[in-house]
Amino acid sequence: LAGVQAIVSFGPATTSDDMARVEAWLGRVAAGLGPHARGSYVNYIDPELADWATAYYGSNLPRLRQVKRAWDPDDLFHFAQSIPLS
């Protein structure tokens, strides 16, 4: 079992071409790791992750939704990829 996290920093002289090259590289890395990966780590939020709720929470998602509805019915603790109420 292992975790992989890619971190990229850009300086003030970074161009849009630089960012496009890094995004392409990250895409190739993710594609290469994809066949060997299971799920995702919820603390490494990925806005492009397909089916993120299942990837982050797996078989725990139904129970987490129950807890969320019981303890946070107004969705106060909300962010783009937080546990959905339904």
Side-chain angles (χ1 to χ4, degrees):
L1 182 62
V4 176
Q5 179 183 24
I7 300 173
V8 178
S9 297
F10 295 106
T14 302
T15 67
S16 58
D17 286 343
D18 295 332
M19 289 192 284
R21 278 192 298 278
V22 169
E23 287 178 2
W25 173 79
L26 286 170
R28 289 191 304 274
V29 169
L33 292 172
H36 311 287
R38 275 188 328 202
S40 293
Y41 182 49
V42 70
N43 285 345
Y44 300 158
I45 297 299
D46 180 355
E48 296 182 14
L49 183 62
D51 194 18
W52 57 266
T54 300
Y56 292 147
Y57 307 115
S59 62
N60 296 310
L61 184 59
R63 177 70 178 127
L64 290 169
R65 282 185 170 145
Q66 287 178 335
V67 171
K68 174 83 171 186
R69 284 191 298 270
W71 293 96
D72 187 20
D74 297 324
D75 205 20
L76 177 67
F77 297 102
H78 176 82
F79 59 94
Q81 292 182 334
S82 61
I83 296 168
L85 286 168
S86 59

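We number each residue from 1, following the sequence as shown. Since this is a predicted model, take the numbers as computed values, not measurements.
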Could you pull out the closest heavy-atom pair between Ser82 and Trp52, with the gap in Å? O-CH2, 3.1 Å
With side chain to side chain contact (heavy atoms under 4.5 Å, CB included) as the criterion, how do Ile83 and Tyr57 come out once you've worked through the C-alpha distance, each side chain's angles and the decisive distance to 0.1 Å? CA-CA 9 Å; Ile83 296 168; Tyr57 307 115; 3.6 Å; yes
CG (Leu61) and CG (Asp51) are apart, to the nearest 0.5 Å, by 9.0 Å
Going by atom types only, do Arg69 and Gln66 share a side-chain donor-acceptor pair under 3.5 Å? no
Linking I/L/V/M/F/W/Y whenever any side-chain heavy atoms sit under 4.5 Å apart, do Leu49 and Val29 land together? no
Please report the interatomic distance CD1(Ile7) to OH(Tyr44), rounded to the nearest 0.5 Å. 7.5 Å
Under 3.5 Å, side chain of Lys68 to main-chain N/O of Phe77, donor-acceptor pair present? yes
Could you walk me through whether Arg65 and Leu85 satisfy the side chain to side chain contact (heavy atoms under 4.5 Å, CB included) test, starting with their C-alpha distance in whole Å, then the side-chain angles of each, then the deciding distance to 0.1 Å, before giving a yes or no? CA-CA 6 Å; Arg65 282 185 170 145; Leu85 286 168; over 6 Å; no
Single-linkage hydrophobic cluster Val8~Leu33, side-chain heavy atoms < 4.5 angstrom: yes
To the nearest 0.5 Å, what is the distance between CZ (Phe10) and OG1 (Thr15)? 9.0 Å
I'd like to know if the side chain of Gln81 and the backbone of Asp46 have a donor-acceptor N/O pair within less than 3.5 Å. yes
Report, as yes or no, whether the 6.0 Å neighbourhood of atom CD on Glu48 holds more than 12 heavy atoms from other residues, nucleotides or ligands. no
